[in-house]
Amino acid sequence: ALSAKDPARAESLLREALVIDPLGTWPRLDLARLYLSQNRRKEARSLIEGLPADGPRRGEASYVRALIAAEEQNWYDGLIWMEQVPAAERNAEMTMEQGRLWVRYQAERAAVHARQGHREKALKLLGEIEPYARSPELLGRVASAYSEAGNAPRALHLLRQEIARMPDPAIDLQLRYAELLLALDQQVEFEAQIDRLSRRSHLSPAQQAAWVDLRLAQRIRQADQLIVAGDPMTAREQLESALREHPEHPRLMVAVAGSYEASREPDRAISLYRQALDRDPGLLAAYQGIVRISLAGGRKDEAERWLAEAMRVDPESSDLHELAAQLAKSRGQYSRAKELSRRALELKPAAAENAPAQGALRLQRVDSQLRPLETSGEPGPTLPSLFDAERIRFERQLRDNPFDPAALSNLGVVAAAQGRYSEAQDLLERAQRLAPDSAEIRTNLERLAQWQRSEPAPTSAGRSLSKLPPEPPRLWNGVPPTS
């Protein structure tokens, strides 16, 4: 039924199989995968939680849990579950899966190192795992991590070299290449890759979904370009048109909801944010939008409820802690607000942590109330490589919601910190057009003018390793995964 693209029939058959054998691991796996493909994550997780924790099927159940973790791109969780498979039960297929998880997780670790400012450590780690990336999919992940670590030429070289040597490049590799081209704003080559992929037959459901995601990411970026050109209404029309074509796409819902939020249509925005969460309960941008609107409307209990839900998704989110601090402050709980703000600072990526304490533009949270910047003395030190990582992060957030004035303001702060004053001016002015009443954005514009007059020279500042992903378990046999 799945091969015939009849998910309703497939679901019915898999449910019957579970009735016949309630402990059956493979029907449970297939049904969970079907639910995940339909964004029914809660039902998928419920199924997996029902796997036996002990008994003769414990090893098989642990392997299935690892496979589902891989489906959700939770590489470390997958590796930990693989470790629960008894050594005597580990077969060749399991060993290959453990290797794939290991490379994916190491690439993710390298990207986190880069985002926290440890570029050399990230590049060293990527050099160590590159020989193990023997499949197109794994090579694509390593290439993406190279790009995030600031070595885009190496990333492009790896993918172009692999595509050139293959008469019929793997679809996963082409998708990863297109993703990298979009991230690097290589529009002409991106269009060529997307058109080439559109002519490929036999795309799996996951590959088709990835292709759609790339197309929609491009449309969101095009909408952002219209906003830059001063045409937000056309941008919204294009986003709404895309949503009509893909009414189930949660990130597109967030982008359209953001346009409603920016134009002060809170009810329409909240409705779409909630629909997005129905389809992807882990979408933090949707939670943040609802909390922002609830706070702006004085609905503090509602804001608190949604914050609690979001914290369960990501208890280490600095953005959520900052929103919680705003909520506490609105209730007059100033000590609590100060504590939450301090915790948010601890959780911020490296560029925010190393921003100057006084007299300079500082990175701020992507939320509805940016904190004003204090002025005294000369602008303090910045760390350009760290601000590069923050720029990438904020650009991603802006692609999710191109109407977010706080994200625009933060990008303006980063551009100013790197000496790109004209770009910073443009970004902050766009933010001000979307939020003309924001005293904080107005303050940032004033600080930018002050900083331009002083023209400080950025200097570096060191930081210690902290909050980095743990070391992975070792490869079971040290053999590179090949598929």
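Counting heavy atoms from C-beta outward, His321 and Ser341 have side chains that stay 4.5 Å or more apart. Side-chain contact between Leu182 and Arg221 is present, with heavy atoms from C-beta onward closer than 4.5 Å. By the 4.5 Å heavy-atom criterion applied to side chains, Leu428 and Ser409 are counted as neighbours. Counting heavy atoms from C-beta on, the side chains of Gln208 and Ser204 never come closer than 4.5 Å. Arg109 is listed as a side-chain neighbour of Leu125, based on a closest heavy-atom distance under 4.5 Å. Side-chain contact between Lys300 and Ser294: absent, with no pair of heavy atoms (C-beta onward) separated by less than 4.5 Å.
For the residue pair Gln207 and His202, the shortest heavy atom distance occurs at OE1-O, 4.1 Å. The two residues Ala32 and Leu47 have their closest heavy-atom pair at N-CD1, 3.7 Å. Heavy atoms only, all atoms of each residue included: Val254 and Ala286 are closest at CG2-CB, 4.0 Å. What you find for Leu408 and Leu427 is that their closest heavy atoms are O-CB, 3.7 Å. Residue Val256 comes nearest to Leu243 through the heavy atom pair CG2-CD2, 4.0 Å, listed as atom of the first residue, atom of the second, then distance. Listed here is the closest heavy atom pair of Ala269 and Glu261: CB-N, 3.7 Å.
A donor-acceptor contact under 3.5 angstrom links the side chains of Gln174 and Arg200, judged on distance only. With hydrogens and angles left out, the side-chain atoms of Gln222 and Arg219 include no donor and acceptor closer than 3.5 Å. Between the side chains of Gln187 and Asp185, at least one donor-acceptor pair of N or O atoms lies under 3.5 Å. At a cut-off of 3.5 Å, with distance as the only test, no side-chain donor of Tyr273 or Gln288 sits close to an acceptor on the other residue. A side-chain donor-acceptor contact under 3.5 Å links Arg236 and Ser263. Side chain to side chain, Gln186 and Tyr177 fail the donor-acceptor criterion of an N or O pair below 3.5 Å. In this model, no donor atom of one side chain and acceptor atom of the other lie less than 3.5 Å apart for Glu189 and Gln193.
A donor-acceptor contact shorter than 3.5 Å links the side chain of Ser198 to the backbone of Asp195. Using modelled atom types, no side-chain atom of Arg279 and backbone atom of Pro250 make a donor-acceptor pair closer than 3.5 Å. For the pair Trp211 (side chain) and Leu197 (backbone), a donor-acceptor distance under 3.5 Å is absent.
Between the CD atom of Gln218 and the CD atom of Gln225 there is a distance of 9.0 Å, given to the nearest 0.5 Å. Here the straight-line distance linking atom CH2 of Trp306 with atom CG of Asp301 works out to 14.5 Å at 0.5 Å rounding. Atom CG of Leu175 sits about 12.5 Å away from atom CG of Leu180, to the nearest 0.5 Å. Atom CG in Leu13 sits 11.5 Å away from atom CG in Asp30 (nearest 0.5 Å). Atom CG of residue Leu29 and atom CG of residue Leu34 lie 11.0 Å apart, to the nearest 0.5 angstrom. Taking CD from Glu302 and CD1 from Ile293, the interatomic distance works out to 9.5 Å, rounded to the nearest 0.5 Å.
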(message) Does His113 form a side-chain contact (heavy atoms from CB on, under 4.5 Å) with Glu148? I'd like the steps, not just the answer.
(response) CA-CA 10 Å; His113 277 292; Glu148 193 147 7; over 6 Å; no
(request) Show your working on side-chain contact (heavy atoms from CB on, under 4.5 Å) between Val142 and Leu126 and close with a plain yes or no. (result) CA-CA 7 Å; Val142 170; Leu126 289 169; 4.1 Å; yes
(request) For the pair Gln73 and Tyr105, evaluate side-chain hydrogen bond (donor to acceptor under 3.5 Å, both in side chains) and give the outcome as yes or no after the intermediate values. (result) CA-CA 9 Å; Gln73 300 192 24; Tyr105 178 63; over 6 Å; no
(message) Could you go through Ser241 and Glu237, starting from their C-alpha distance and side-chain angles, then the distance that decides it, and tell me whether this counts as side-chain hydrogen bond (donor to acceptor under 3.5 Å, both in side chains)?
(response) CA-CA 6 Å; Ser241 173; Glu237 289 169 6; over 6 Å; no
(request) Give the C-alpha distance, both sets of side-chain angles, the deciding distance and a yes or no for side-chain contact (heavy atoms from CB on, under 4.5 Å) between Ser144 and Arg176. (result) CA-CA 8 Å; Ser144 293; Arg176 186 66 63 172; 3.1 Å; yes
(message) Go through it in stages, so that I can follow the logic: the residues are Tyr35 and Glu11, the test is side-chain hydrogen bond (donor to acceptor under 3.5 Å, both in side chains), and I'd like the CA-CA distance, side-chain angles, deciding distance and then a yes or no.
(response) CA-CA 9 Å; Tyr35 287 158; Glu11 180 178 353; 3.1 Å; yes
(request) Report the C-alpha separation of Glu322 and Leu340 in whole Å, then their side-chain angles, then the decisive distance to 0.1 Å, and conclude whether the side-chain contact (heavy atoms from CB on, under 4.5 Å) test is met. (result) CA-CA 7 Å; Glu322 194 68 37; Leu340 287 164; over 6 Å; no
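Salt bridge status for Glu339 with Arg336: present, with a side-chain N to carboxylate O gap under 4.0 Å. Here Arg100 does not pair with Glu137 in a salt bridge; the nearest charged N to carboxylate O distance is not below 4.0 Å. Using a 4.0 Å cut-off between a side-chain N of Lys or Arg and a carboxylate O of Asp or Glu, Glu304 and Arg299 do not qualify as a salt bridge. The existence of a salt bridge linking Glu179 and Arg141 is excluded, since no basic side-chain nitrogen approaches an acidic carboxylate oxygen closer than 4.0 Å. The pair Arg215-Glu191 counts as a salt bridge, with a side-chain nitrogen and a carboxylate oxygen less than 4.0 angstrom apart.
Partners of Arg65 by salt bridge (Lys or Arg N to Asp or Glu O under 4.0 Å), not counting sequence neighbours: none found. With sequence neighbours excluded, the residues that form a side chain to side chain contact (heavy atoms under 4.5 Å, CB included) with Asp213 are His249. With sequence neighbours excluded, no residue forms a ring pair (Phe, Tyr, Trp, His ring centres under 6.0 Å) with Tyr287.
Each of Leu239, Leu272, Val212 was checked for a side-chain contact (heavy atoms from CB on, under 4.5 Å) with Leu252, and the lone residue meeting it is Leu239. Screening Val103, Leu101, Ile80 against Trp75 for a side-chain contact (heavy atoms from CB on, under 4.5 Å) leaves a single residue, Leu101.
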